[in-house]
Amino acid sequence: QLTEARVSGLVAFAEEGLIILNLGSSHGVYPGMELSVVRVKRVIKDPATGKVIKELVDEIARLRVTSAEEGSSEAELISGSGIKVGDVVRNY
């Protein structure tokens, strides 16, 4: 069984039903792929090193990719709302 590579990127544009991501086919994104839009609510750092060890996130929406070019893709909203430019998009 093949597993999809983990992809993570950002919402580059979100207006009037059009959602554009800074992820494209060169990142493993393809039409029909479903992605989560998450917003980081808390960053947990290692107290000894200051390195980020965990991010606590809220899923605010789900998207389905409708078209993918090399460096960007368009997506439609499946559920949720309030997507903003800079929100994190990922498939895990």
Side-chain angles (χ1 to χ4, degrees):
Q1 177 181 345
L2 289 172
T3 57
E4 287 182 357
R6 283 182 162 209
V7 297
S8 181
L10 300 171
V11 174
F13 182 87
E15 220 171 88
E16 295 162 15
L18 177 61
I19 302 162
I20 299 175
L21 312 176
N22 72 348
L23 294 169
S25 56
S26 65
H27 304 95
V29 173
Y30 55 88
M33 183 178 210
E34 291 191 9
L35 299 165
S36 294
V37 180
V38 297
R39 196 164 289 151
V40 177
K41 61 181 178 180
R42 197 116 184 245
V43 175
I44 310 300
K45 294 183 179 180
D46 182 322
T49 65
K51 182 181 173 208
V52 174
I53 54 175
K54 179 108 177 134
E55 288 181 335
L56 302 179
V57 298
D58 283 330
E59 182 178 84
I60 57 168
R62 291 201 53 87
L63 305 175
R64 181 177 298 111
V65 175
T66 55
S67 66
E69 296 173 17
E70 186 177 344
S72 68
S73 56
E74 289 185 20
E76 62 185 1
L77 192 63
I78 299 172
S79 64
S81 63
I83 296 171
K84 296 178 186 169
V85 170
D87 281 340
V88 175
V89 180
R90 64 188 191 188
N91 69 341
Y92 57 91

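These values consider heavy atoms only, across backbone and side chains, with no hydrogens, waters or symmetry-generated copies.
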- Task: Decide whether Leu21 and Val40 are clustered together by the hydrophobic rule: side chain heavy atoms of Ile, Leu, Val, Met, Phe, Trp, Tyr closer than 4.5 Å, transitively.
- Result: no
Exercise. Is any side-chain heavy atom of Arg6 closer than 4.5 Å to a side-chain heavy atom of Asn91?
Worked result: yes
Side chain to side chain contact (heavy atoms under 4.5 Å, CB included) filter on Ile83, not counting sequence neighbours, yields Val11, Ala14, Ile19, Val37, Ala61, Leu63, Leu77, Asp87
Shortest non-hydrogen pair, Ser73 vs Val29, comes out as OG-CG1, 3.9 Å
Query raised in the report: With hydrophobic residues grouped by side-chain heavy-atom distances under 4.5 Å, do Ile78 and Ile60 end up in a single group?
Result: no
Side-chain heavy atoms nearer than 4.5 Å, only ILVMFWY residues, links allowed to pass through others: does that put Leu23 and Met33 together? yes
Residues Arg90, Val7; criterion side chain to side chain contact (heavy atoms under 4.5 Å, CB included); working and verdict: CA-CA 5 Å; Arg90 64 188 191 188; Val7 297; 5.8 Å; no
Taken in chain and number order and not counting sequence neighbours, the residues that satisfy side chain to side chain contact (heavy atoms under 4.5 Å, CB included) with Glu16 are none
Sorted by chain and number, sequence neighbours left out, side chain to side chain donor-acceptor pair (under 3.5 Å) with Ser36 holds for Glu59, Arg62
In short, side-chain hydrogen bond (donor to acceptor under 3.5 Å, both in side chains) pairs touching residues 18-30 with sequence neighbours left out are Glu4-Tyr30
Notebook entry, point to check: If you draw a 6.0 Å radius around CD in Glu34, do more than 12 non-hydrogen atoms from other residues or ligands fall strictly inside?
Noted result: yes
Those residues at least two apart in sequence (or on a different chain) that pass side chain to side chain contact (heavy atoms under 4.5 Å, CB included) with Thr66 are Glu74, Glu76
Residues Ala68 and Val65: closest non-hydrogen pair is CB-CG1, 4.5 Å
Report, one line per pair, each donor and acceptor closer than 3.5 Å where one atom sits in a side chain of residues 51-58; sequence neighbours left out.
residue	atom	partner	partner atom	Å
Asp58	OD1	Lys41	NZ	3.3

Note: with side-chain heavy atoms under 4.5 Å as the link, the other cluster members for Phe13 come out as Leu18, Ile20
